[in-house]
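Chain letters run A, B, ... following the sequence lines, proteins first and then strands; every chain starts at 1.
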Amino acid sequence: MNRSQTEIIEHVFETLQNHFGCFEWWLNEAPFEVMMGAILVQNTNWNNAEKALTNLAEHCSPQGIAALPLEKLAERIRPSGYYNQKALKLKALTQWYEGYNYDIALVKQVEQSLLRQELLAIKGIGGETADAILVYATHKPSFVIDAYARRILSRNGVKVPKRYDDFQQLVEQAIPRQTELYAYYHGLIVEHGQQFCRPKPKCDGCPLLPTCLGPDVAS
DNA sequence: GTCCTGTGAC
DNA sequence: GTCACAGGAC
């Protein structure tokens, strides 16, 4: 059993797809809320990020964020953690978006790798957040790599590259380059990472049990 | 090393 | 009740 990296990755996604079935993930949400969500969910779970979004209520638009004083903004997004940092990040994001007149159609016109560069230049947006915005807000095929993907794939025998971009490339070359697929597969990863493949794994009923090397494989 | 909260285990 | 832990970016 010496499968290639690509074969393992294909096998993992196929198995997860069979287990969890099809579902829509994020592709129909309002673009700016997706962008905010991508920042608010950093270093926390979606539950906390959602509380922050709920607290923002009617300010949940680029104009709303721009108009809200930094301290007020921080106060509202408190439940997501690192709220002072994240308030600055949301401001930076909004300022960048203002350059496009808050028009997602204009953003979508930018070529993918160029747009990724632009997003990465915004303070507080790293690889993962940039890719989440690319897929779920602009519908460009950029695969989101996260802690779950690292954990799940390394536990199943993938020699996971340390650098984000290298890992992303490895995953992207293993699956067809389609936005819907990227969006859905990342959803599968998140779902599985939360239900089964936690740092201290819940292996009972895990669909990947037959190929899993256990929780302690060096990634 | 720093930034922070919510949860779940004890 | 305390407290370790999960979770990205700079």
Of the non-hydrogen atoms in [X] and [Y], which two are nearest, and what is the gap between them?
| X | Y | result |
| --- | --- | --- |
| Cys206(A) | His192(A) | SG-NE2, 3.4 Å |
| Leu120(A) | Gly127(A) | CD2-N, 3.6 Å |
| Ile77(A) | Tyr83(A) | CD1-O, 3.5 Å |

*Could you pick out which residue, Lys123(A) or Pro199(A), lies toward the 5' side of DNA chain C when each is mapped onto its nearest nucleotide?*
Pro199(A)

_Distance under 4.0 Å to a non-hydrogen atom of chain A counts as contact; along DNA chain C, which nucleotides mark the start and end?_
dA6(C) to dC10(C)

*Rounded distance (nearest 0.5 Å) linking atom CG of Leu40(A) with atom CD of Gln42(A)*: 8.5 Å

_Separation between CG of Leu170(A) and CD1 of Ile145(A), rounded to the nearest 0.5 Å_ = 8.5 Å

_Heavy atoms within less than 4.0 Å of DNA chain B: which residues of residues 82-93 of chain A have one? Give them sorted by number._
Tyr82(A), Tyr83(A), Asn84(A), Gln85(A)

*Output the residues of residues 39-55 of chain A in contact with DNA chain B, where contact means a heavy atom of the residue under 4.0 Å from an atom of the strand; sort by number or write none.*
Asn48(A), Lys51(A)

_Looking only at the aromatic ring of each residue, does the gap between the centers of Trp25(A) and Trp46(A) stay below 6.0 angstrom?_
no

*How far apart are the C-alpha atoms of Gln169(A) and Asp165(A), what are their side-chain angles, what is the distance that settles it, and do they pass the side-chain contact (heavy atoms from CB on, under 4.5 Å) test?*
CA-CA 6 Å; Gln169(A) 256 202 291; Asp165(A) 292 12; over 6 Å; no

*According to the salt bridge (charged side-chain N to carboxylate O under 4.0 Å, His left out) rule, which pairs have a member within residues 43-62 of chain A, sequence neighbours left out?*
none

*Quick one: sort the Tyr97(A) and Phe32(A) rings into parallel, tilted or perpendicular, breaks at 30° and 60°.*
parallel

Heavy atoms under 4.0 Å, any strand shown: does [X] hit a base, just sugar-phosphate, or nothing?
| X | value |
| --- | --- |
| Ile77(A) | nothing |
| Tyr148(A) | sugar-phosphate |
| Arg198(A) | nothing |

*With sequence neighbours left out, what residues match Tyr82(A) under ring-ring contact (aromatic ring centres under 6.0 Å, His included)?*
none

*When hydrophobic residues are tied together by side-chain contacts of less than 4.5 Å, even through go-betweens, does Val135(A) share a cluster with Leu181(A)?*
yes

*Could you say whether Ser80(A) or Lys202(A) is positioned toward the 5' end of DNA chain B, judged by the nucleotide with the nearest heavy atom to each?*
Ser80(A)

_At a heavy-atom distance below 4.0 Å, which nucleotide of DNA chain B is the first touched by chain A, and which is the last?_
dC3(B) to dT7(B)

_Contact between Val190(A) and Val144(A) at the side-chain level, heavy atoms closer than 4.5 Å - yes or no?_
no

*So Tyr148(A) and His186(A), side-chain contact (heavy atoms from CB on, under 4.5 Å) or not? Walk me through it.*
CA-CA 9 Å; Tyr148(A) 299 130; His186(A) 175 62; 5.8 Å; no

